[in-house]
Asker: 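First the structure, which I've put down as structure tokens, then a few questions once you've had a look.
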Amino acid sequence: MHRTKIRVAEDALDANATIARANRDDFDRHGVGVVNLMSAPGAGKTTLLERSIEALEGVRIGVLEGDVQGTIDADRIAGHHIPVTQLNTDPGFGGECHLDANMVRSAVPALALDDIDLLVIENVGNLVCPAEFRVGEDARAMVTSITEGEDKPLKYPLMFRTCELVVVNKIDLLPHLDFDLDRFLANLDAVNPGVRRLLVSAKTGEGIEPWVEWLAAIPARAAVTTAA
Ligand SMILES: Nc1nc2c(ncn2[C@@H]2O[C@H](COP(=O)(O)OP(=O)(O)OP(=O)(O)O)[C@@H](O)[C@H]2O)c(=O)[nH]1
Ligand SMILES: [Mg+2]
């Protein structure tokens, strides 16, 4: 019984990996670099993206917004006059707590791939499930905000391990909280030693330049993949 369950889970992840590769091929064919942006609900993904859109120069960005319901984030992004597509997991995908490759596949025809260089997929806010599903991205990044506490890397290690960049957001609130930044960074290193981390405030814009530079370099990865 137990073994059957494991087998079904493995098959589901295999199927996801196959569809993720198909997505990746489509993105590569259009020379579009793709970031899977993840976090707990409310860590600041959309706010960071809004800032990034304003700061990015010479890179045409588009956004795929993953949410259980509604178009609140897509409406915010649309206000910045870039291509944005909403993907709701409820209805249609049973109210799932993450995007998977098949959901992203269903949105590919709606994406303006000819008009963008960089696609940021804002995943559903959740520190567990999104980490398990590749969707065809070139890079994974996460936002963690200091209001979530220092222990989060230890409690949700897969999410912190699966990302090549950890954006530590809401640092404008540091003077008002008893958040121990050194302890948080030690916890981060315990689960993903040396992972690149950036301290930012999406609200004030403090520290976001390296993040914007990192984003701007993503399309080159797709081009390299295409040429290979
Ligand atoms: N003080 C402060 N507040 C922030 C910062 N970034 C985001 N916020 C606030 O945090 C709340 C959530 O921000 P969002 O950008 O919507 O977070 P999100 O990760 O996109 O949320 P979901 O999509 O619902 O998971 C909003 O009230 C933002 O104004 C920041 O750097 N500092
Ligand atoms: Mg959001």
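Predicted, not measured: the structure shown is a model, and the values here were computed from it. One-based numbering, in listed order, for ligands and for the atoms of each.
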Asker: Do E164 and W214 have side-chain atoms, one donor and one acceptor, less than 3.5 Å apart?
Answerer: yes
Asker: Between E50 and T47, is there a side-chain donor-acceptor contact under 3.5 Å, judged purely by atom types and distance?
Answerer: no
Asker: Looking at E122, which of its N, O or S atoms is the nearest one to the Mg ion (ligand 2)?
Answerer: OE2
Asker: Looking at atom 14 (P) of ligand 1, what's its closest protein heavy atom, distance included?
Answerer: T47 OG1, 3.6 Å
Asker: Could you tell me which non-hydrogen atom of D90 sits nearest to which non-hydrogen atom of Q69, and how far apart they are?
Answerer: O-CG, 3.6 Å
Asker: Please indicate whether E206 has more than 12 foreign heavy atoms, meaning atoms of other residues, nucleotides or ligands, lying under 6.0 Å from its CD.
Answerer: no
Asker: Between N23 and R105, do the side chains contain an N or O donor and an N or O acceptor separated by less than 3.5 Å?
Answerer: yes
Asker: In terms of atom number and element, which parts of ligand 1 are under 4.0 angstrom from non-hydrogen atoms of S39?
Answerer: 19 (O)
Asker: I'd like to know whether CD1 of I72 has more than 12 heavy-atom contacts from other residues, nucleotides or ligands below 6.0 angstrom.
Answerer: no
Asker: What is the name of the N/O/S atom of D73 that is nearest to the Mg ion (ligand 2)?
Answerer: OD2
Asker: Considering only heavy atoms from C-beta outward, does the side chain of H98 approach that of N126 to under 4.5 Å?
Answerer: no
Asker: Should one rank A40, G42, G44 by closest heavy-atom distance to atom 22 (P) of ligand 1, which comes out on top?
Answerer: G42
Asker: Which of the atoms in ligand 1, numbered in the order shown and given with their element, are less than 4.0 Å from a heavy-atom of E122?
Answerer: 20 (O), 23 (O)
Asker: Pairing donors with acceptors under 3.5 angstrom, does anything connect the side chains of N187 and D151?
Answerer: no
Asker: In the complex you have, is atom 26 (C) of ligand 1 within reach of the protein, judged by whether a heavy-atom distance drops under 4.0 Å?
Answerer: no
Asker: Do other residues, nucleotides or ligands put more than 12 heavy atoms under 6.0 Å from the CG atom of D178?
Answerer: no
Asker: Between N169 and S145, does any side-chain donor sit less than 3.5 Å from a side-chain acceptor?
Answerer: no
Asker: Would you mind telling me if ligand 1 is within reach of the side chain of V200, the backbone, both or neither, using heavy atoms under 4.0 Å?
Answerer: neither
Asker: On a heavy-atom basis, I'd like to know which of D172, D67, V124, N169 is closest to atom 32 (N) of ligand 1.
Answerer: D172
Asker: Enumerate the atoms of ligand 1 whose separation from the nearest heavy atom of G125 is less than 4.0 angstrom.
Answerer: 25 (O)
Asker: Relative to the heavy atoms of P41, which atoms of ligand 1 are at a distance of less than 4.0 Å?
Answerer: 25 (O)
Asker: Closer than 4.0 Å to some heavy atom of K45 - which atoms of ligand 1 meet that?
Answerer: 15 (O), 17 (O), 18 (P), 19 (O), 20 (O), 21 (O), 22 (P), 23 (O), 25 (O)
Asker: Counting only non-hydrogen atoms of the protein, does one fall under 4.0 Å from atom 16 (O) of ligand 1?
Answerer: yes
Asker: Which residue owns the protein heavy atom closest to atom 8 (N) of ligand 1, what's the atom, and how far is it?
Answerer: K170 CE, 3.7 Å
Asker: Measure R76 to ligand 1 on non-hydrogen atoms and call it side chain, backbone, both or neither using the 4.0 Å cut-off.
Answerer: side chain
Asker: Which atoms from ligand 1 have a heavy atom of L173 less than 4.0 Å away?
Answerer: 1 (N)
Asker: With a cut-off of 2.8 Å, does T47 place any N/O/S atom under that distance from the Mg ion (ligand 2)?
Answerer: no
Asker: Is a side-chain donor-acceptor pair under 3.5 Å present for E65 with T85?
Answerer: no
